[in-house]
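A quick write-up on the structure given underneath.
Per chain, numbering begins at 1; letters A, B, ... match sequence-line order.
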There are 2 protein chains.
Amino acid sequence: MARTTRTYDHFCMLARALEQVGDRWTLLAVRDLLGGPRRFTDLMGLLGGITPKTLSQRLRELESAGIVDVDREPGRREVWYRLTPAGEDLAPAVEALFVWGLRHARRPPTPGEKVHPEHLLKALRILLDQTTAPRHPLVWHIDFVDDGAYTLAYDGDTWTLTNRLTDTTPDITITTSRDAWTRHLMTPAPDRPSAPAGVELAGDRRAIEQFKRLLAHFPDIDG
Amino acid sequence: MARTTRTYDHFCMLARALEQVGDRWTLLAVRDLLGGPRRFTDLMGLLGGITPKTLSQRLRELESAGIVDVDREPGRREVWYRLTPAGEDLAPAVEALFVWGLRHARRPPTPGEKVHPEHLLKALRILLDQTTAPRHPLVWHIDFVDDGAYTLAYDGDTWTLTNRLTDTTPDITITTSRDAWTRHLMTPAPDRPSAPAGVELAGDRRAIEQFKRLLAHFPDIDG
DNA sequence: CTGGATCCATGATGATACTG
DNA sequence: CAGTATCATCATGGATCCAG
């Protein structure tokens with residue numbers, strides 16, 4: 001009896017969930033789609049070592065599970081993948097695993113390990129959500145000259161990461177490169193230079209001070 | 001270059017977490033260990049179709065990841081597996097996936113699907129945690145004549161499931177069988193008989209009413 | 001009986017190249 | 001840009017066997 005998809009044959013909702021998102025690469029694809037719609041090659045880049053075959057297979061599985069919507073318009077080359085509401089609902093699970101990794105699987109990047117600034121920003125967002133509660137809303141624009149631009153915003157309740165610059169006027173704008181940003185964030189906070197090379201901070205003096213204060217214990221989630 | 005364990009080679013804490021717990025069966029083993037220490041064969045039973053080879057491999061991986069502690073005492077036949085504190089910290093992630101499954105992957109049990117009462121109880125615990133807040137602490141004993149016994153308790157803040165009968169005096173005691181309990185819980189609440197066959201409820205009249213009321217919308221997590 | 005190990009078959013994934 | 005095609009390798013499942 002040829003089984004079309006691998007199942008656990010348990011009547012358990014965790015098993016059911018893992019049948020949908022438990023395959024290798026699947027939750028990493030969801031992680032990258034949580035930032036907003038992406039094209040196939042965007043995902044290829046973010047997912048590092050995945051092969052196109054595996055990625056297209058995963059995307060089809062996610063589509064048929066109702067987790068991803070595919071946007072193909074005739075006459076347009078690009079295909080955009082976006083999460084459905086059911087896909088967005090995976091955010092708490094992805095985040096819980098992320099938090100666990102931050103606590104229990106944190107190691108400096110090994111040589112040859114792909115460091116993508118978006119994933120650092122995601123870790124930062126989660127950490128901010130768990131450790132701080134600023135008094136007022138905040139908007140930070142982070143512009144990677146060699147990669148893309150992101151908005152990290154606090155709405156008075158939670159922090160949000162968006163993979164583009166929002167229309168809102170930012171409190172600060174960070175202009176940097178992937179390497180400089182990675183180097184800056186991976187430097188233990190006490191050792192960080194106040195004017196790090198390759199990281200330009202623009203904005204109000206107090207907003208910049210607040211930014212540095214809020215980043216002060218990244219990436220230590222404890223204490 | 002022979003890679004001993006499969007990695008993603010991403011500097012991302014979600015990828016790191018999934019390298020530890022992302023393999024097939026791993027989170028299901030953690031799920032079953034969250035209830036308390038278990039022996040190899042307990043896990044074999046709870047995990048349904050896993051082969052001993054895969055289970056022992058997963059347990060060794062979990063042990064070397066610091067998620068599971070193995071208790072081998074000389075002169076004792078059994079080997080007990082238990083979660084370390086790092087393993088217990090997986091509870092939020094397991095639960096978030098469970099909740100997602102409850103919302104988005106709920107289907108009645110298909111014929112041939114193993115139904116373990118413990119997993120139903122776990123779903124019930126999560127649901128109670130998300131939907132109710134009784135005024136006072138509660139202790140329910142559930143005794144399966146053909147399987148084992150569990151305690152579902154509310155301490156004034158959260159619900160806990162334990163895979164044995166605790167010493168506390170229970171508010172109610174349910175004596176049932178795997179089949180009868182499954183049949184009862186899988187019947188839509190409005191159709192449940194007030195004196196279901198094979199499910200004996202013992203205890204104070206008001207406690208029994210409360211029990212029925214609290215189970216009234218299982219397994220619907222929404223609304 | 002518990003806690004595995006071993007052998008083999010098969011399916012899932014990876015590397016590389018190529019195409020509409 | 002968005003994938004397929006082909007081939008090689010690895011992980012998993014099924015069955016069986018074994019030692020304490």
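- Between A:R24 and D:dA11 there is no side-chain N or O to OP1 or OP2 distance below 4.0 Å.
- Atom P of nucleotide C:dC1 and atom CE of B:M44 are separated by 14 Å, given to the nearest angstrom.
- Dashed line: the shortest gap from a side-chain N or O of A:R72 to OP1 or OP2 of D:dA2 is not under 4.0 Å.
- At the heavy-atom level, A:R76 lies nowhere under 4.0 Å from the strands shown.
- The number of heavy atoms from other shown groups lying within 6.0 Å of CG (A:D155) is above 12.
- Of the possible donor and acceptor atoms, one in the side chain of B:R125 sits under 3.5 Å from a partner among the backbone N and O of B:W159.
- Whole-Å rounding puts the A:D23 CG to C:dA12 C1' distance at 9 Å.
- Checking the phosphate oxygens (OP1, OP2) of D:dA15, no side-chain nitrogen or oxygen of B:T51 falls inside 4.0 Å.
- Of the candidate nucleotides D:dG3, C:dG3, D:dT12, C:dG3 has the atom lying nearest to any side-chain atom of B:T41.
- Between A:I50 atom CD1 and C:dT13 atom P the separation is 10 Å, expressed in whole Å.
- Counting to the nearest Å, the C1' atom of D:dT4 and the CZ atom of A:F40 are 10 Å from each other.
- Rounding to whole angstrom units, CD of residue A:Q57 and C1' of D:dA2 are separated by 16 Å.
- Looking at which nucleotide of DNA chain D each of B:K53 and A:K53 is closest to, the 5′-most match is held by A:K53.
- Distances shorter than 4.0 Å separate some side-chain N or O of A:T54 from OP1 or OP2 on C:dG14.
- In this model, the phosphate group of C:dG4 is not approached by any side-chain N or O of B:S56 to a distance below 4.0 Å at OP1 or OP2.
- Look at A:R6 and you won't find any side-chain N or O under 4.0 angstrom from OP1 or OP2 of D:dA11.
- The phosphate of D:dG3 (OP1 or OP2) has a side-chain N or O of A:Y81 nearer than 4.0 angstrom.
- Each of A:H119, A:R38, A:K122 was evaluated against A:D32; a single residue qualifies, A:H119, per the side chain to side chain donor-acceptor pair (under 3.5 Å) test.
- Heavy-atom distances to DNA chain D give each of A:Y8 and A:E78 a nearest nucleotide, and the one nearer the 5′ end belongs to A:E78.
- In this structure, CG of B:D9 is placed 15 Å from C1' of C:dA15, rounded to the nearest angstrom.
- Proximity of a side-chain donor or acceptor of B:T176 to a complementary backbone N or O of B:F144 within less than 3.5 Å is not detected.
- B:R60 has a side-chain polar atom (N or O) that falls below the 4.0 Å cut-off from OP1 or OP2 of C:dA5.
- With B:Y150 as the fixed residue, the side-chain contact (heavy atoms from CB on, under 4.5 Å) test singles out one of B:L161, B:T166, B:L165: B:L161.
- Straight-line distance from the CZ atom of B:R58 to the P atom of C:dG3: 19 Å, rounded to whole Å.
- Remark: C1' of D:dC1 and CG of A:L55 are 13 Å apart, rounded to the nearest angstrom.
- Applying the 4.0 Å criterion to OP1 and OP2 of C:dG14, one finds that A:W25 has a side-chain N or O inside that range.
- Remark: the B:S177 side chain and the B:D179 side chain contain no N/O donor-acceptor pair separated by less than 3.5 Å.
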